[in-house]
Protein chains: 2
Amino acid sequence: MSELTIGQVARETGLRTSALRYYEEIGLLPAARRVNGRRRYEPVVLRMLEVMQFAQRAGFTLNEIRTLFHGFGTETPMNERWQALAEAKLRELDELIERAHCMRRAIEVGLGCGCVRLEDCVIGVPCDSED
Amino acid sequence: MSELTIGQVARETGLRTSALRYYEEIGLLPAARRVNGRRRYEPVVLRMLEVMQFAQRAGFTLNEIRTLFHGFGTETPMNERWQALAEAKLRELDELIERAHCMRRAIEVGLGCGCVRLEDCVIGVPCDSED
DNA sequence: CCTTGACTTCAAGTCAACTTGAAGTTGTAG
DNA sequence: CTACAACTTCAAGTTGACTTGAAGTCAAGG
């Protein structure tokens, strides 16, 4: 039982079958081999989907993930488009992390202070400039 | 000139007028006073919008932001719903920050290694368990 | 043979957060 | 007075990431 049905992949990954079909439709997953019209997946897609879900939770769009996967390891071990995207995303992630920290601090201040208006709390936290 | 037109608010905040009308429609902004049918805003909305944009960039949905603003400072200085939402969001933010850090590390590894397949890179980075 | 469950395709629906377009109103500048 | 920009409402369109529904196919069990 080396090949998996769409249902098995769905169960293993926690995705819905509709999502898997959708991924194939938009070219995120390579078109699966068909047996009597039904999809058969090689186990490696489980890992791909794992990474994809991970990337998605980290804020990548499906479009970016597709580029990430297509650009990675084709021809040269590390091509330029992948590198550019990765570096851009790195900067985005840094911004995201900073904003998240900032909002976190703001909420904590809000939880701990007696402000009547949220604006007063948040504005009082120094963040937009630097840490 | 203490009250602002929708155009002025838009210019000051960087939002489109359509967005401001939309915010009013969904109850995120209180319905502005009308003069001959046109909206007039008190300057305080600039701060509100500032905070709202900030919260949005930090990952809050408009729905959450509305709750955050409505629940804050009404009746008791710090009511329970606000507190619950804030604490839940705090946990979400922590998760987000961790995932972002993790993806960041994964990308860096990807940039620095010679892997042919992205999966190999990302999977090699210890993250899903703990840091 | 018939049912059942897992699958297929294709079209349309959903949600958030807006934007766009049409058609009309208001206030000011020339 | 006329033009024009800035506003109004209301309906419909957009994007991303899917989901839902209809109608049909296929293999296995009773």
Side-chain angles (χ1 to χ4, degrees), chain A residues 1 3-42 45 48-70 85 89 92 96 99, chain B residues 1 3-42 45 48-70 85 89 92 96 99:
Chain A
M1 202 253 287
E3 284 194 319
L4 307 158
T5 67
I6 197 172
Q8 290 171 320
V9 174
R11 273 185 293 281
E12 299 261 340
T13 57
L15 291 162
R16 313 271 222 101
T17 57
S18 56
L20 292 170
R21 292 195 197 95
Y22 172 68
Y23 286 177
E24 180 174 312
E25 192 185 318
I26 64 168
L28 185 57
L29 280 185
R33 187 168 94 81
R34 309 294 164 115
V35 174
N36 286 325
R38 277 95 196 280
R39 291 168 178 79
R40 288 299 152 87
Y41 294 91
E42 296 174 38
V45 303
M48 290 181 59
L49 286 167
E50 217 177 295
V51 180
M52 285 169 174
Q53 288 184 277
F54 180 73
Q56 210 183 353
R57 285 198 307 274
F60 285 75
T61 66
L62 296 189
N63 245 316
E64 288 170 332
I65 294 172
R66 182 175 42 207
T67 310
L68 226 44
F69 270 72
H70 282 182
L85 180 56
K89 205 67 195 182
E92 261 182 59
L96 175 68
R99 277 201 306 273
Chain B
M1 202 253 290
E3 284 194 320
L4 306 157
T5 67
I6 196 172
Q8 289 171 320
V9 174
R11 272 186 294 280
E12 299 261 341
T13 58
L15 291 162
R16 312 271 222 104
T17 57
S18 56
L20 293 170
R21 289 193 200 96
Y22 173 68
Y23 286 177
E24 181 175 311
E25 192 185 318
I26 64 170
L28 185 58
L29 280 184
R33 188 169 94 83
R34 310 294 164 115
V35 174
N36 285 325
R38 277 93 197 279
R39 291 167 178 80
R40 288 301 152 87
Y41 294 90
E42 296 174 38
V45 303
M48 290 182 59
L49 287 167
E50 216 177 297
V51 179
M52 285 169 175
Q53 287 185 277
F54 180 71
Q56 210 182 354
R57 285 197 309 272
F60 285 75
T61 67
L62 296 188
N63 246 316
E64 289 170 331
I65 294 173
R66 183 175 39 206
T67 310
L68 225 45
F69 271 71
H70 282 182
L85 180 57
K89 204 67 194 181
E92 260 182 60
L96 175 69
R99 279 201 306 274

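Each chain gets a letter, A, B and so on, in the order its sequence line appears, and its residues count up from 1. From a predicted model like this one, the values you see are computed outputs, not experimental measurements.
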Subject >> Length of the line joining Y22(B):OH and dA16(C):P, which is rounded to integer Å >> reply: 7 Å
Subject >> Under-4.0 Å side-chain N/O to phosphate OP1/OP2 contact, R34(B) with dT25(C) >> reply: no
Original post:
If only atom types and distance count, is the side chain of Q8(B) paired as donor or acceptor with the main-chain N or O of T5(B) below 3.5 Å?
Top reply: yes
Original post:
Does Y23(A) make a side-chain N or O approach to OP1 or OP2 of dC18(D) shorter than 4.0 Å?
Top reply: yes
**OP:** Please determine if a side-chain N or O atom of N36(A) lies less than 4.0 Å away from the OP1 or OP2 oxygen of dC7(C).
**Re:** no
**OP:** Look at the side chain of R38(A) and the base of dT25(D), then say whether one donor and one acceptor between them are separated by less than 3.5 Å.
**Re:** yes
Original post:
R21(B) has an atom CZ; how far is it from atom P of dT8(D), in whole Å?
Top reply: 5 Å
Subject >> T17(A) vs dC7(C): side-chain N/O to OP1/OP2 distance below 4.0 Å >> reply: no
Original post:
Does a side-chain heavy-atom distance below 4.5 Å link Q56(B) with L62(B)?
Top reply: yes
**OP:** Measure the distance from CZ on R11(B) to P on dA5(D) and round it to the nearest whole Å.
**Re:** 14 Å
Original post:
Base, sugar-phosphate, or nothing: which does Q56(B) touch, judged by heavy atoms less than 4.0 Å apart?
Top reply: sugar-phosphate
Original post:
Is any NZ, NE, NH1 or NH2 atom of the basic residue among E24(B) and R21(B) found under 4.0 Å from an Asp or Glu carboxylate oxygen of the other?
Top reply: no
Original post:
Nearest-Å distance, CD (Q8(A)) to P (dA6(C))?
Top reply: 11 Å
Original post:
For the pair made of CZ in R66(A) and C1' in dA17(D), what is the distance, rounded to whole Å?
Top reply: 12 Å
Original post:
Between atom CZ in R57(B) and atom P in dA17(C), what is the gap in whole Å?
Top reply: 15 Å
Original post:
Tell me: CD1 of I6(B) to C1' of dT8(D), nearest whole Å?
Top reply: 9 Å
Original post:
Looking across every strand, which nucleic acid part, if any, lies under 4.0 Å from R39(B) by heavy atom: base, sugar-phosphate, or nothing?
Top reply: sugar-phosphate
Original post:
Has Q53(B) got more than 12 heavy atoms of other residues, nucleotides or ligands less than 6.0 Å from its CD?
Top reply: yes
Subject >> Given dT20(D), dG16(D), dC26(D), the nucleotide with the shortest approach to the side chain of R16(A) >> reply: dT20(D)
**OP:** May I ask you to say what I26(B) touches in the nucleic acid, namely base, sugar-phosphate or nothing, with a heavy-atom cut-off under 4.0 Å?
**Re:** nothing
Original post:
Is there a donor-acceptor contact under 3.5 Å from the side chain of R66(A) to the main chain of I26(A)?
Top reply: yes
**OP:** Take the protein atom CD of E64(B) and the nucleotide atom P of dC15(C), then report the distance between them rounded to whole Å.
**Re:** 17 Å
